[in-house]
Amino acid sequence: MLSLFSGCGNKKSPTGGPEDTEKPTIVNVFPIEFSDITDKDLEITFSKQMNTSSFFTGLYIYPQILAKRYKWEANTLIIKIEEELQDSTNYHFSFTEKIVGIHKNPLDKQYDFTWSVGKFTDNRISGNFTYEKPEDRTEDVRLTLFSADTTLIKTNIFKENYHFEALNNESHTIRAYIDKNKNKKLD
C-alpha cells in the first residue's frame, strides 16, 4: 500500500510568545522582618524566576555577612548563613533594582528588610529638609543611608521630613538629592 502526503508548509521561526515585560516582586520573606535570625536561614520568595547571578551585585547586606550560601527552590531564595553573627546587632538587607528576573526585568523597586541577632536595636535618625528653591518642596527627595565606611544600608524616598529606624548604634552618613531626571543617580 502506498500513501502519499501532500501539503503546503510554511517554515517560520517560532515567535516564543509576547515579550515578558512584567517586573518581579518580592512576595514573601521568612522569618518576618525584625525577627531574630540567630541560627536561621532566610527565605525570600519572588513572583517569578530570577537570574541568580544578579544577586552578587544587587544584594547589599550590612553589616557584611561573608560566609553565606544561596540556595534556590523554584522562586524562593534561601540564604544560608554560615558564620556567627554579631550579638545585639540589626542586619539590613537591600534587594536593589540591579537584581533581575530570567527575562532581564529588574525588581519593581528596591526592597529593604531588617532582621536582628539577639536584642533588637531601635536607634533612629530623623529630620526636616531645607530647600534651596521653594518650588522644590513638592519634589521627592531620595535619601541613601551609609555606614561610616560608606557601605550602603538603605535608600528611601521622602517629602518634607525623613526618618531611618532600626539602626545600630554607630556613625552614619546620609546622601540626599532630588532626582529631577528620574535616573536614580546623583548627577
Side-chain angles (χ1 to χ4, degrees), residues 13-83 85 90-117 120 139-147 150-159 162-167 174-187:
S13 297
T15 64
E19 182 180 355
D20 181 3
T21 58
E22 183 181 333
K23 294 182 176 187
T25 62
I26 293 179
V27 295
N28 191 42
V29 294
F30 180 82
I32 62 171
E33 189 175 18
F34 306 117
S35 295
D36 186 335
I37 59 169
T38 303
D39 301 322
K40 293 182 183 162
D41 295 337
L42 300 175
E43 296 180 12
I44 297 85
T45 303
F46 296 87
S47 61
K48 25 178 55 196
Q49 273 192 295
M50 302 303 291
N51 176 330
T52 58
S53 64
S54 67
F55 286 82
F56 296 110
T57 58
L59 172 59
Y60 294 89
I61 302 171
Y62 184 79
Q64 288 186 344
I65 300 174
L66 299 176
K68 62 187 173 300
R69 276 187 304 126
Y70 298 145
K71 179 182 172 188
W72 285 92
E73 290 181 1
N75 295 352
T76 300
L77 168 63
I78 300 167
I79 301 174
K80 296 187 159 294
I81 299 169
E82 299 177 333
E83 68 182 65
L85 300 179
N90 293 349
Y91 283 83
H92 303 276
F93 289 70
S94 290
F95 295 82
T96 69
E97 294 167 75
K98 292 179 185 176
I99 296 173
V100 297
I102 60 169
H103 297 290
K104 305 293 185 219
N105 298 323
L107 282 175
D108 66 325
K109 64 178 184 176
Q110 179 169 313
Y111 291 85
D112 295 309
F113 299 102
T114 303
W115 288 281
S116 70
V117 173
F120 184 80
E139 298 284 340
D140 290 337
V141 179
R142 178 180 281 280
L143 262 71
T144 304
L145 181 69
F146 297 95
S147 67
T150 67
T151 301
L152 172 71
I153 298 175
K154 55 176 70 178
T155 300
N156 283 328
I157 305 292
F158 298 100
K159 283 193 183 286
Y162 63 92
H163 63 278
F164 288 106
E165 298 176 347
L167 300 176
I174 296 175
R175 180 176 66 193
Y177 63 94
I178 296 174
D179 190 11
K180 291 191 175 183
N181 62 0
K182 307 296 182 209
N183 68 353
K184 299 179 184 169
K185 294 180 182 175
L186 177 62
D187 49 13

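Side-chain contact check for Glu83 versus Leu66: some heavy-atom pair is nearer than 4.5 Å. By the 4.5 Å heavy-atom criterion applied to side chains, Arg175 and Phe146 are counted as neighbours. The shortest side-chain heavy-atom distance between Asn90 and Leu167 does not fall under the 4.5 Å cut-off. In this structure, Leu145 and Ile174 have side chains that are in contact, with non-hydrogen atoms separated by less than 4.5 Å.
Atom OG1 in Thr151 sits 5.5 Å away from atom CD in Gln64 (nearest 0.5 Å). Here the straight-line distance linking atom CG of Leu42 with atom CD1 of Ile65 works out to 7.0 Å at 0.5 Å rounding. With values rounded to the nearest 0.5 angstrom, Ile99 atom CD1 is found 14.0 Å from Asn105 atom CG. Put simply, CD1 on Ile157 and CG on Asp179 are 7.5 Å apart, with the number rounded to the nearest 0.5 Å. With rounding to the nearest 0.5 Å, the separation of CG in Asn51 from NZ in Lys104 is 4.0 Å. The distance from the OG atom of Ser94 to the CD atom of Gln110 is 5.0 Å, given to the nearest 0.5 Å.
When the ring-ring contact (aromatic ring centres under 6.0 Å, His included) test is applied to Tyr70, the partners found at least two apart in sequence or on another chain are Phe56. Annotation: salt bridge (Lys or Arg N to Asp or Glu O under 4.0 Å) contacts of Lys40 (sequence neighbours excluded): none. Partners of Lys68 by salt bridge (Lys or Arg N to Asp or Glu O under 4.0 Å), not counting sequence neighbours: none found. Applying the ring-ring contact (aromatic ring centres under 6.0 Å, His included) rule to Phe164 yields the partners Phe158; only residues at least two apart in sequence or on another chain are considered.
When all heavy atoms of Ile153 and Ser147 are compared, the closest pair comes out as CD1-N, 3.6 Å. In this structure, Ala176 and Val141 approach most closely via the heavy-atom pair CB-CG1, 4.1 Å. The minimum heavy-atom distance between Thr38 and Val117, with the atom names listed, is OG1-CG1, 3.5 Å. The two residues Glu97 and Lys109 make their nearest non-hydrogen contact at CG-C, 3.8 Å.
Atom CG of Asp39 has 12 or fewer neighbouring heavy atoms from other residues, nucleotides or ligands inside a 6.0 Å radius.
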Could you tabulate the donor-acceptor pairs under 3.5 Å formed by side-chain atoms of residues 75-82, not counting sequence neighbours?
unit_1: Asn75; atom_1: OD1; unit_2: Gln49; atom_2: N; d: 3.4
unit_1: Thr76; atom_1: OG1; unit_2: Thr45; atom_2: OG1; d: 3.0
unit_1: Lys80; atom_1: NZ; unit_2: Asp41; atom_2: OD2; d: 2.9
unit_1: Glu82; atom_1: OE2; unit_2: Arg69; atom_2: NE; d: 2.5
unit_1: Glu82; atom_1: OE2; unit_2: Arg69; atom_2: NH2; d: 3.3

List the atom pairs, donor and acceptor, that lie under 3.5 Å between side-chain atoms in residues 23-35 and the rest of the protein, sequence neighbours left out.
unit_1: Thr25; atom_1: OG1; unit_2: Ser47; atom_2: OG; d: 3.4
unit_1: Glu33; atom_1: OE2; unit_2: Thr114; atom_2: N; d: 2.8
unit_1: Ser35; atom_1: OG; unit_2: Ile32; atom_2: O; d: 2.7

Note to self: Assess the residue pair Lys98 and Phe55 against the criterion (side-chain contact (heavy atoms from CB on, under 4.5 Å)); give the C-alpha distance rounded to whole Å, side-chain angles, the decisive distance to 0.1 Å, and a yes or no.
What the structure shows: CA-CA 8 Å; Lys98 292 179 185 176; Phe55 286 82; over 6 Å; no
Margin query: Walk me through whether Tyr60 and Tyr91 qualify under ring pair (Phe, Tyr, Trp, His ring centres under 6.0 Å).
Written below: CA-CA 10 Å; Tyr60 294 89; Tyr91 283 83; over 10 Å; no
Next item on the list: Give the intermediate values and the outcome of side-chain contact (heavy atoms from CB on, under 4.5 Å) for residues Leu107 and Thr96.
Entry: CA-CA 7 Å; Leu107 282 175; Thr96 69; over 6 Å; no
Next item on the list: Might you work through the side-chain contact (heavy atoms from CB on, under 4.5 Å) test for Asp20 and Glu22, ending with a clear yes or no?
Entry: CA-CA 6 Å; Asp20 181 3; Glu22 183 181 333; 3.7 Å; yes
Item checked: Candidate pair Asp140 and Lys159, rule side-chain contact (heavy atoms from CB on, under 4.5 Å), full reasoning -> CA-CA 5 Å; Asp140 290 337; Lys159 283 193 183 286; 3.1 Å; yes
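Defined by atom type and a distance below 3.5 Å, a donor-acceptor pair is missing between the side-chain atoms of Tyr111 and Lys154.
Below 30°, between 30° and 60°, or above 60°: for Trp115 and Phe93 the angle between ring planes is above 60°, a perpendicular geometry.
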